[in-house]
Peer 1: 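Below: one structure in structure tokens.
Residue numbers start from 1 in every chain, and the chains themselves are labelled A, B, ... in the order their sequence lines are given, proteins ahead of strands.
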Amino acid sequence: MTTPRVRVRFAPSPTGYLHVGGARTAIFNWLFARRMGGDFLLRVEDTDQARYDANALVELIADLKWLGLDWDEGPEKGGPHEPYFQSQRLPLYQAAARRMLDDGHAYPCFCTSERLEELREQQKVNNLPAGYDRRCRNLPADVAAQRVADGEKHVVRLKAPFHGETVFTDLIRGPISYQNRVLDDMVLLKGDGFPTYHLANVVDDHDMLITHVLRGDEWIPSTPRHILIYKALGYEPPVFCHLPVILAEGGGKLSKRKGAASVGDYRELGYLPEAMVNFLSLLGWSPGEDLEFMERDVLVEKFTLERIHPKSAVFDEKKLEWLNGQYFLRRDAAFFLPLVKPLWAKAGIEVDALPEAYLLHCIALLKDRSKRLTDFTDSLYFFRDPDSYEEKARQKQFGEGSAPLLESLISVIEGVADYSAASIETAYKAFAESNARKVGELIHPTRLAISGMPYGPGLYELMDALGKDTVLRRMKIAVEKISAGF
RNA sequence: GGAGCGUUCGUCUAGUGGUUAGGACACUGCCCUCUCACGGCGGUAGCAGGGGUUCAACUCCCCUACGCUCUACCA
């Protein structure tokens with residue numbers, strides 16, 4: 001017997017944005033498929049008519065693409081198991097339900113949602129285990145058949161066994177067993193003819209030859225029910241691997257209210273997709289060596305399901321930020337140009353009117369000291385004169401005697417013949433020496449005058465980048481403002 | 001209420017009977033330095049608790065506590 005080709009899927013329900021937990025599930029599936037040389041499929045589980053949101057799918061696909069997760073089969077791509085939208089596969093589920101009905105593994109249930117709700121309430125009040133009481137399971141077959149034939153609205157339920165236990169092996173948790181008596185008769189086909197998640201999932205995973213199911217661990221309690229469906233249909237279940245959840249700082253779910261929760265949120269905060277993938281991979285998985293910065297290809301090479309561990313993890317944005325910064329250090333300016341241009345444009349800079357070489361130069365000076373793309377918009381002094389000076393620095397640098405000092409420095413700069421970072425440095429050092437001052441005493445006021453900020457790129461490089469005219473103009477403006485008391 | 005899953009520094013993790021319990025982020029001291037960042041060298045800080053098993057438990061078993069999830073004609 002040969003081992004079948006690995007096939008995994010990410011099967012989101014398009015009911016909202018792609019949150020980081022879902023993204024991590026997608027990443028692990030993708031990583032595993034790529035590592036094993038298998039297939040990664042995208043399947044849309046749109047069986048909930050009430051919660052369907054057409055826009056969610058568009059964004060979901062955009063987010064997956066942004067993360068760099070490509071699928072081998074699925075929406076936009078097609079494949080041998082089309083369609084990849086569950087809403088377009090209804091006949092398949094209905095046929096499966098039909099078969100289970102015919103084989104005596106399922107039965108029609110005519111109980112109304114009102115009755116079920118009441119039942120649940122009763123069970124809750126009396127502290128009884130929840131679950132369907134199986135009233136319709138006892139209906140004589142001919143009676144039930146007649147009611148169905150008469151067109152009475154009904155659902156189809158699975159006949160779960162009363163005794164024994166259902167066991168499955170989770171790849172990262174080992175064997176997990178459930179007493180069958182706690183498994184009630186779940187709904188397979190809803191009143192509107194649509195399948196429930198459980199039925200659709202089993203039918204599709206089987207039809208699409210899925211070998212490994214990697215999904216969130218909230219599905220663990222549903223897994224024995226799925227096993228029951230596999231059995232009823234005579235199918236071989238895939239390998240199950242339940243992924244731990246991702247929590248917010250301080251515990252609890254990640255939410256917009258706590259800052260950010262979706263992939264889109266983090267994109268807007270200025271994180272790179274590669275940093276996001278790297279970071280999320282490290283939540284619940286590690287390569288087993290002291291290695292954290294891993295480019296996509298390294299991740300693929302190192303990834304194994306066996307090294308996923310079951311503990312839920314807290315999303316530490318500080319660490320994401322650090323990792324993002326590591327990518328900033330390693331990418332060149334050209335990489336950032338298309339990413340940063342729109343941000344500068346949004347901040348009101350006419351980027352298209354500026355020479356690309358200048359923009360690249362600015363990026364080169366900034367990227368190593370930035371952690372997020374949004375940091376680039378803190379340094380608009382590259383494009384326009386500062387309209388204010390950072391308050392604390394102003395008090396420190398623009399005090400008594402700073403106006404005359406700046407005026408002297410203006411002369412120094414004017415006297416620099418071959419204007420460049422090196423020649424400015426030489427001139428500044430010479431001035432400092434002949435005036436018995438430390439260069440730092442020159443540098444800090446100059447920096448504040450030309451950038452408005454107390455920190456930034458090396459001063460000489462900054463002066464060089466801005467150009468002599470701009471530097472002199474800004475120095476003069478500073479002198480005026482200091483003299484005028486701001 | 002029931003069922004299931006989980007528990008190593010604040011956080012992410014390494015660790016599979018014998019380790020000074022290792023790394024990273026964060027915090028912090030020093031160095032580098034024109035600032036900021038980067039980088040280098042240090043520091044603080046952890047096996048949830050209790051029973052076993054064993055010559056020996058972070059590692060194996062049981063119990064408790066705590067956290068999370070499910071308990072829908074939602075996924």
Peer 1: Identify which one of A:R134, A:R137, A:R225 satisfies the salt bridge (charged side-chain N to carboxylate O under 4.0 Å, His left out) criterion when paired with A:D184.
Peer 2: A:R225
Peer 1: Is the positively charged end of A:R89 above the ring of A:F85, judged by distance under 6.0 angstrom from the centroid and angle within 45° of the axis?
Peer 2: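 Judged by the rule, A:R89 and A:F85 form no cation-pi pair.
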Peer 1: At under 4.0 Å, does any side-chain N or O of A:K311 touch on OP1 or OP2 of B:C68?
Peer 2: no
Peer 1: B:A75 phosphate, OP1 or OP2: any side-chain N/O from A:T15 under 4.0 angstrom?
Peer 2: no
Peer 1: Can you tell me how far the OH atom of A:Y428 sits from the CD atom of A:E425, to the nearest 0.5 Å?
Peer 2: 11.5 Å
Peer 1: By the 4.0 Å heavy-atom rule, please label A:T47 as base, sugar-phosphate, or nothing.
Peer 2: sugar-phosphate
Peer 1: Considering just the side-chain nitrogens and oxygens of A:R157, establish if one lies under 4.0 Å of OP1 or OP2 belonging to B:C73.
Peer 2: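 For B:C73, OP1 or OP2 has a side-chain N or O of A:R157 closer than 4.0 Å.
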Peer 1: Tell me: CG of A:L291 to C1' of B:C25, nearest whole Å?
Peer 2: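 These atoms are roughly 15 Å apart.
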Peer 1: Would you call the rings of A:F336 and A:F376 parallel, tilted or perpendicular if under 30° counts as parallel and over 60° as perpendicular?
Peer 2: tilted
Peer 1: Expressed as a whole number of angstroms, how long is the span from A:Y93:OH to B:C73:C1'?
Peer 2: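 Atom-to-atom, A:Y93 to B:C73, this comes out as 16 Å.
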Peer 1: If only side-chain N and O atoms of A:R215 are considered, is one of them under 4.0 Å from the OP1 or OP2 phosphate oxygen of B:U69?
Peer 2: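 Answer no for this pair, as no side-chain N or O of A:R215 is under 4.0 Å from OP1 or OP2.
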Peer 1: Would you please confirm or rule out a distance under 4.0 Å between OP1 or OP2 of B:U13 and any side-chain N or O of A:H309?
Peer 2: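 Result: yes.
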Peer 1: At under 4.0 Å, does any side-chain N or O of A:K253 touch on OP1 or OP2 of B:C68?
Peer 2: no
Peer 1: Does A:R173 get its side chain close enough to the base of B:C5, under 3.5 Å, for a donor-acceptor pair?
Peer 2: no
Peer 1: Below 4.0 angstrom from OP1 or OP2 of B:C36, is there any side-chain N or O of A:K367?
Peer 2: no
